Participant: 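Sharing a structure, written as structure tokens. Questions coming.
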Amino acid sequence: MHVKILDERVAARAKRRGIDVLVYAPHFTRWSTIRERAERFSDDDLLVVPARELFTGDWRHRRHVLALDLQRGIPDFLTLDGAVNELAKQDAVVCVPHPGFLTISLERDHIRAYRDIVDAIEVYNPKHLPRDNRRARALAAEFDIPGFTSSYAHLPGTIGECWTTFECAIDTAADLHDALRDGTPRTATHRDGLEHLGRRAIEMAHIGYENTWKKLDRVYLSGTEPTHPDHVAYGGAFEDSSVY
């Protein structure tokens with residue numbers, strides 16, 4: 001349901017693990033690029049569905065929202081309200097990744113406020129501690145929102161560690177969108193054992209890289225993000241809700 005990377009190794013590993021569908025949702029990548037890359041790696045054995053994990057707020061007060069079935073691109077660094085309002089206008093599929101995790105996630109009050117447009121909540125993430133997964137399952141139950149799991153893979157070796165099985169055929173992106181909107185019954189599953197614990201530990205260690213050097217490079221060295229609201233690609237359409 002949610003991976004951050006996509007290349008030949010990722011597609012091959014997904015097929016070996018018996019995955020039929022990958023939701024590809026990288027950060028700081030424009031919607032047109034995501035769609036093109038998803039189409040490139042889709043074939044008869046693997047469907048890659050494009051999505052965006054939106055980075056709302058500023059670096060100090062950021063919240064992530066997973067969005068599918070966008071009609072047009074949405075930049076990062078919008079207020080949470082601004083991003084949610086745009087998602088509602090587009091009738092997008094809205095999912096909550098890693099709820100309550102660290103300082104990057106939607107909390108209970110956010111889910112309550114936006115309950116009407118939230119289609120699914122992630123109930124297991126390999127980067128979570130056990131208490132994080134318990135909290136995620138409790139939030140899904142409290143708000144009666146269907147769950148899902150994903151590998152949340154930032155590294156190829158994590159592909160296929162977690163998967164969601166729907167009780168319907170998912171042959172197209174539209175099938176997945178409909179299943180999420182309709183609350184189609186599904187089962188969230190993950191691998192167990194020492195190998196899974198090892199993959200989880202490696203992904204957790206990767207957070208350190210993401211939040212130190214890579215973050216420093218992104219904030220101070222790389223210039224304007226391609227998904228910054230001021231980028232020419234957005235034509236100034238999001239000035240009113242931009243936080244920068």
Side-chain angles (χ1 to χ4, degrees), residues 1-26 29 31-54 65-72 74 87-88 90-99 115-126 133 136-137 139-141 143-153 156-192 196 199:
M1 269 289 295
H2 183 187
V3 302
K4 313 305 292 181
I5 49 176
L6 182 61
D7 58 19
E8 288 81 3
R9 290 181 303 163
V10 168
R13 185 175 180 85
K15 294 171 187 178
R16 288 197 304 271
R17 286 290 182 92
I19 300 295
D20 300 307
V21 183
L22 286 180
V23 174
Y24 174 53
T29 307
W31 181 236
S32 58
T33 302
I34 295 171
R35 286 187 305 175
E36 291 167 4
R37 194 164 184 82
E39 183 176 357
R40 174 185 166 191
F41 286 96
S42 291
D43 57 27
D44 291 342
D45 298 316
L46 180 69
L47 170 67
V48 182
V49 177
R52 273 272 280 134
E53 188 177 14
L54 299 170
V65 181
L66 179 61
L68 295 79
D69 199 18
L70 296 178
Q71 306 306 308
R72 55 190 173 274
I74 301 176
L87 291 169
Q90 296 191 32
D91 191 27
V93 174
V94 178
C95 301
V96 178
H98 45 72
R115 170 66 184 86
D116 289 345
I117 73 161
V118 172
D119 296 294
I121 291 178
E122 187 175 53
V123 294
Y124 181 88
N125 185 305
N133 287 317
R137 291 193 298 270
L139 287 169
F143 292 101
D144 193 25
I145 297 175
F148 70 94
T149 185
S150 65
S151 67
Y152 199 51
T158 315
I159 299 295
E161 287 294 310
C162 312
W163 62 96
T164 304
T165 304
F166 288 86
E167 293 183 11
C168 66
I170 305 291
D171 297 319
T172 66
D175 289 341
L176 179 60
H177 301 155
D178 290 344
L180 289 166
R181 285 193 176 98
D182 297 343
T184 297
R186 81 286 306 255
T187 304
T189 311
H190 61 85
R191 292 166 65 89
D192 287 310
H196 184 62
R199 290 309 318 172

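A quick note: this is a predicted structure, and the numbers were derived from the prediction, not measured.
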Participant: Say you draw a straight line from CD1 of Ile145 to CZ of Arg115; how long is it, rounded to the nearest 0.5 Å?
Facilitator: 4.0 Å
Participant: Evaluate the criterion side chain to side chain contact (heavy atoms under 4.5 Å, CB included) for residue pair Tyr24 and Arg35; output intermediate values, then yes/no.
Facilitator: CA-CA 9 Å; Tyr24 174 53; Arg35 286 187 305 175; over 6 Å; no
Participant: Assign the ring pair Tyr152 / His2 to parallel, tilted or perpendicular, where the plane angle (0 to 90°) is split at 30° and 60°.
Facilitator: perpendicular
Participant: Between OG1 of Thr149 and CD of Glu161, what distance do you get to the nearest 0.5 Å?
Facilitator: 10.5 Å
Participant: Tell me if a side-chain donor or acceptor on Asp119 pairs with a main-chain N or O of Val94 at a distance below 3.5 Å.
Facilitator: yes
Participant: How long is the span from the CG atom in Leu47 to the OG atom in Ser42, to the nearest 0.5 Å?
Facilitator: 5.0 Å
Participant: Hey, what do you get for CG (Asp91) to CG (Leu70), rounding to the nearest 0.5 Å?
Facilitator: 11.0 Å
Participant: Quick one: does any side-chain atom of Thr29 pair with a main-chain N or O of Ile34 as donor and acceptor, under 3.5 Å?
Facilitator: no
Participant: Got Pro50 and Glu36 here, is their nearest side-chain heavy-atom distance under 4.5 Å?
Facilitator: no
Participant: Is it true that, when you exclude Arg17 itself, more than 12 heavy atoms of the residues, nucleotides or ligands shown sit nearer than 6.0 Å to its CZ?
Facilitator: yes
Participant: Given side chains that start at C-beta, do those of Arg199 and Ile159 come closer than 4.5 Å, heavy atoms only?
Facilitator: no
Participant: Any heavy-atom pair between the side chains of Leu66 and Phe148 that's under 4.5 Å?
Facilitator: yes
Participant: Any heavy-atom pair between the side chains of Leu176 and Val23 that's under 4.5 Å?
Facilitator: yes
Participant: Is there a side-chain contact between Ile170 and His177 in this structure, where contact means two heavy atoms from C-beta onward sitting under 4.5 Å apart?
Facilitator: no
Participant: In sequence, state the C-alpha distance, the side-chain angles, and the governing distance for Val123 and Leu139, and then conclude on side chain to side chain contact (heavy atoms under 4.5 Å, CB included).
Facilitator: CA-CA 9 Å; Val123 294; Leu139 287 169; over 6 Å; no
Participant: Taking all non-hydrogen atoms of both residues into account, name the closest pair between Ala67 and Leu54 and its distance.
Facilitator: CB-CD1, 4.5 Å
Participant: Going by atom types only, do Glu122 and His98 share a side-chain donor-acceptor pair under 3.5 Å?
Facilitator: no
Participant: What is the minimum heavy-atom distance between Phe41 and Val48, and which atoms define it?
Facilitator: O-CG2, 3.7 Å
Participant: Evaluate side chain to side chain contact (heavy atoms under 4.5 Å, CB included) for Leu22 paired with Val10, printing each intermediate quantity in order.
Facilitator: CA-CA 10 Å; Leu22 286 180; Val10 168; 3.9 Å; yes
Participant: Using a cut-off of 6.0 Å, state whether more than 12 heavy atoms not belonging to Asp43 lie near its atom CG.
Facilitator: yes
Participant: Between Asp69 and Arg181, is any pair of side-chain heavy atoms under 4.5 Å apart?
Facilitator: yes
Participant: Indicate yes or no for a side-chain donor-acceptor contact from Thr164 to the backbone of Ala188 under 3.5 Å, with no hydrogens or angles considered.
Facilitator: no
Participant: Would you say Asp182's side chain and Thr184's backbone share a donor-acceptor pair under 3.5 angstrom?
Facilitator: no
Participant: Quick check against the 3.5 Å criterion: does Arg52 have a side-chain atom that pairs as donor or acceptor with the backbone of Ile74?
Facilitator: yes
Participant: Quick one, Cys162 with His196, criterion side chain to side chain contact (heavy atoms under 4.5 Å, CB included). Give me CA distance, side-chain angles, the key distance, then yes/no.
Facilitator: CA-CA 10 Å; Cys162 312; His196 184 62; 4.1 Å; yes
Participant: Whether the side chain of Arg72 engages the backbone of Trp31 through a donor-acceptor N/O pair (distance < 3.5 Å, no angle test) should be reported.
Facilitator: no
Participant: Do Pro126 and His190 have side chains that get closer than 4.5 Å, going by heavy atoms?
Facilitator: no
Participant: Checking Gln90 side chain against Gln71 main chain: does a donor-acceptor pair fall under 3.5 Å?
Facilitator: yes
Participant: Strictly distance-based, threshold 3.5 Å: is any side-chain N or O of Asp175 a donor or acceptor partner for the main-chain N or O of Thr172?
Facilitator: yes
Participant: Is the closest side-chain heavy-atom distance between Ser150 and Pro97 below 4.5 Å?
Facilitator: no
